[in-house]
Engineer: 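Let me give you the structure first, and then I'll get to my questions.
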Amino acid sequence: MSELPLVARAHRHAKRTAILASEGTFTYGDLLEASARVAACLLGGRGDLEEARVAFLVPPGFHHVAVQWGIWRAGGIAVPLAVSHPPPELEYVIHDAAAEIVVVHPEFAGAMSAARSPPNVRTVTSSEAMNTSPLSFLPDVAEGRRAMMVYTSGTTGKPKGVVTTHANIAAQVTSLVTAWEWRPDDWILLVLPLHHVHGIINVVTCALWAGARCEMLAKFDAEPVWSRIAARELTLFMAVPTIYGKLIGAWESAPPERRRAWSAGCASPPMRLMVSGSAALPVQRLERWREISGHVLLERYGMTEIGMALSNPLHGERRPGFVGTPLPGVEVRLVGETGQPVAPGTPGEIDVRGATVFLEYWQRPEATRDAFRDGWFRTGDVAVLDAGAYRILGRSSVDIIKTGGYKVSALEVEEVLRTHPAIAECAVVGVADPEWGERVCVAVEPRGEGGHEPELTLAALQSWARERLAPYKVPRALRSVTALPRNAIGKVTKHDVAKLFT
Ligand code: MLC
Ligand code: AMP
């Protein structure tokens, strides 16, 4: 019987610690056993799930990984749901993915019951799944088959499911394991959510591929993270720039002896590498982190559709403000508006090609077609090649916002806000912010001109929006205007909208 590479590798490390979480400490052997039980439960008498979508709402920890591996071993497509999302966002993913099964952690059963699943969807708890008797055979899952669907916001409407195959995931992981020299004696702390590739691929899957330890926190919190760093067990740390900013803030407000212990905890060895990505790392933050920790953060660039593409070197000079060179197995080019490669020193859109690139947007053949040009994936990010290294300059669309490392579509937020009874029209923009990279801000034309309606306050809008949108999509500032700024043909000019907030 041929096994998935991740599973085959786990057998070799069976007695080693794989996961440390609030539920306890678990070996690779435990993970193999629990995921085999989950697979048996999901199969429910079938020989192979044959790419049935299995959505799962399970917080970071042993259950999460056992369920993810169980879905893969049963031949299903893993669709992670975000524990921070309100019911309408969960419903959207379950419907769009046409999930056949939903696995929910017992603690989230209440949250899930508030989301309406289609009547034919089978719901099981992760505990129930992990208590099922294992089968003597699990299906062979070929590497070209679909493995995962991560929902990502784009320039058009609702989030799209980014489908990756087992081969794509293996290529993304081996590229990083090679470049950053992951080893079985590595120990990483997960502080990121598990509905995006940064947490799923770069942290958890790379660690488990390498036979290393992955310690999982339910949620980022600066003090516990500093305590774990100070214990001098971790060898790797990966986070978004906002998290480094929060760690710097906590360090700066700590008393001197704590600062000393926290800084000493960053010493190498054991801490050999600290990585930043998912959003631009301000050079000032890189410098401050160097003063506090002694580490020059390794900045890299990636995207849900392609995994990681560019990285500063593990060994050698890391240039502040740059994202380095293509990772192993990844081809990168910069092109102009007509799709022609540009000369070094000239800004161009980043195109990416290679085995790491996703298969398709789920059930959106047109969007998939439009995302590629001559076999290259068009990222929509603009960069320049300067003395052999890439520097990200921005994005080609103003409607994509990056806040706290999360990508948010301005159009998606506008669509939801337009359903608010007091809003006639609105425009959502990302406004530069030192802590969050960008903040989601909204300008509205209120309904009820003439003062009959009570004025819409930010607090009221936020509490209304929190029931409908993920927390990071909720606007942080509101301006009411009689008319949104528009150009001669009546199109809202987002650059002028952004000026309302500065
Ligand atoms: C939260 N707050 C925000 C905010 N998010 N304010 C402005 N903008 C935002 N985006 C506010 C809350 O309202 C609250 O305010 C306070 O901050 C704390 O809220 P929280 O929910 O507790 O925030 P926290 O958990 O600290 O979240 C911050 C974070 C989180 C940085 C840990 O945003 C995060 O996990 N980001 C990582 C996302 C990620 O993994 N992205 C990778 C995508 S993959 P108050 O007033 O109520 O206290 C990808 C590809 C690649 O990009 O290259 O990796
Ligand atoms: P996502 O779609 O959530 O996977 O986010 C991917 C996007 O994050 C990319 O298209 C970039 O815009 C942005 N991004 C990732 N890493 C970096 C980085 N190091 N610098 C600037 N932007 C980044």
Side-chain angles (χ1 to χ4, degrees), residues 152-160 279-280 303 334-340 342 346-351 361 364 366-367 369-371 373 378-384 392-403 406-434 436-451 453 455-458 461-462 464-465 468-469 472-502:
T152 189
S153 293
T155 43
T156 49
K158 290 284 199 188
K160 300 191 282 285
M303 194 173 180
L334 298 183
V335 298
E337 271 170 23
T338 56
Q340 285 309 302
V342 297
T346 308
E349 186 183 333
I350 306 174
D351 279 3
Y361 292 115
R364 286 176 171 84
E366 245 176 66
R369 211 174 320 118
D370 293 348
R373 170 167 43 202
R378 312 165 63 170
T379 63
D381 291 306
V382 176
V384 67
I392 309 288
L393 300 174
R395 285 176 301 271
S396 50
S397 169
V398 290
D399 288 320
I400 295 291
I401 301 169
K402 260 274 160 158
T403 182
Y406 283 113
K407 188 173 181 178
V408 173
S409 157
L411 306 182
E412 181 195 347
V413 178
E414 286 164 3
E415 234 171 74
V416 172
L417 297 183
R418 274 192 207 105
T419 67
H420 189 290
I423 295 177
E425 185 49 290
C426 67
V428 168
V429 290
V431 175
D433 180 84
W436 298 97
E438 288 179 299
R439 287 188 337 139
V440 177
C441 298
V442 63
V444 305
E445 289 174 3
R447 265 187 215 288
E449 291 273 340
E453 299 284 325
E455 201 189 328
L456 182 64
T457 64
L458 176 62
L461 179 66
Q462 286 179 327
W464 180 90
R468 295 161 174 86
L469 290 165
Y472 42 87
K473 298 176 187 171
V474 171
R476 308 288 156 177
L478 165 72
R479 296 280 183 276
S480 288
V481 292
T482 41
L484 291 168
R486 292 176 191 271
N487 64 15
I489 57 162
K491 193 171 173 323
V492 172
T493 49
K494 291 272 172 117
H495 291 291
D496 294 323
V497 175
K499 284 185 198 148
L500 296 171
F501 298 90
T502 50

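The figures here come from the full heavy-atom set of this structure, side chains too, leaving out hydrogens, waters and symmetry mates.
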Engineer: When rounded to the nearest 0.5 angstrom, what distance separates CZ in Arg447 from CD in Glu425?
Structural biologist: 9.5 Å
Engineer: Taking all non-hydrogen atoms of both residues into account, name the closest pair between Pro421 and Trp464 and its distance.
Structural biologist: CD-NE1, 4.4 Å
Engineer: Quick check: closest heavy atoms across Arg373 and Glu337, and the distance to 0.1 Å?
Structural biologist: NH1-O, 4.3 Å
Engineer: Nearest 0.5 Å please: distance from the OG1 atom of Thr379 over to the CG atom of Leu334.
Structural biologist: 9.0 Å
Engineer: Which heavy atom of Ala465 sits nearest a heavy atom of Leu417, and at what distance?
Structural biologist: CB-CD2, 4.4 Å
Engineer: Donor-acceptor check, side chain of Thr493 to backbone of His495, threshold 3.5 angstrom: yes or no?
Structural biologist: no
Engineer: For residues Gln462 and Pro475, report the shortest heavy-atom separation together with the two atoms involved.
Structural biologist: NE2-O, 2.8 Å
Engineer: Could you check whether any side-chain N or O of Glu445 sits under 3.5 Å from a backbone N or O of Cys426, counting only pairs where one atom can act as donor and the other as acceptor?
Structural biologist: no
Engineer: With rounding to the nearest 0.5 Å, note down the distance linking NZ in Lys402 to OH in Tyr472.
Structural biologist: 10.5 Å
Engineer: Within a strict 4.5 Å, meaning less than it, do heavy atoms of the Leu469 and Val413 side chains meet?
Structural biologist: yes
Engineer: Check Ala443 against Leu500 and note the closest heavy-atom contact, atom names and distance.
Structural biologist: CB-CD1, 3.9 Å
Engineer: Closer than 3.5 angstrom, by distance alone: can the side chain of Glu414 be matched with the main-chain N or O of Val428 as a donor-acceptor pair?
Structural biologist: yes
Engineer: Hey, does the side chain of Glu438 reach the backbone of Ile401 with a donor-acceptor pair shorter than 3.5 angstrom?
Structural biologist: no
Engineer: Can a donor-acceptor pair be found, under 3.5 Å and without considering hydrogens, that links the side chain of Arg418 to the backbone of Ile423?
Structural biologist: no
Engineer: Yes or no on side chain to side chain contact (heavy atoms under 4.5 Å, CB included) for Ile350 and Val382, after CA distance, side-chain angles and deciding distance?
Structural biologist: CA-CA 6 Å; Ile350 306 174; Val382 176; over 6 Å; no
Engineer: The test is side chain to side chain contact (heavy atoms under 4.5 Å, CB included); show your working for Arg468 and Lys473 and say whether it passes.
Structural biologist: CA-CA 10 Å; Arg468 295 161 174 86; Lys473 298 176 187 171; over 6 Å; no
Engineer: Enter the distance from Gln340:CD to Thr338:OG1 here, rounded to the nearest 0.5 Å.
Structural biologist: 5.0 Å
Engineer: Applying side chain to side chain contact (heavy atoms under 4.5 Å, CB included), run through Val444 and Leu478 and close with a yes or a no.
Structural biologist: CA-CA 7 Å; Val444 305; Leu478 165 72; 3.8 Å; yes
Engineer: What distance do Leu458 atom CG and Arg476 atom CZ have between them, rounded to the nearest 0.5 Å?
Structural biologist: 9.0 Å
Engineer: Side chains of Glu412 and Ser153: do they bring a donor and an acceptor to under 3.5 Å?
Structural biologist: yes
Engineer: Which heavy atom of Glu349 sits nearest a heavy atom of Gly380, and at what distance?
Structural biologist: OE2-N, 3.0 Å
Engineer: Is there a donor-acceptor pair under 3.5 Å between the side chain of Ser396 and the backbone N or O of Asp381?
Structural biologist: no
Engineer: Decide side chain to side chain contact (heavy atoms under 4.5 Å, CB included) for Val440 and Tyr406; before the verdict, give the C-alpha distance in whole Å, the side-chain angles of both, and the deciding distance to 0.1 Å.
Structural biologist: CA-CA 11 Å; Val440 177; Tyr406 283 113; over 6 Å; no
Engineer: Once rounded to the nearest 0.5 Å, what's the spacing between atom OG1 of Thr403 and atom CG of Asp433?
Structural biologist: 7.5 Å
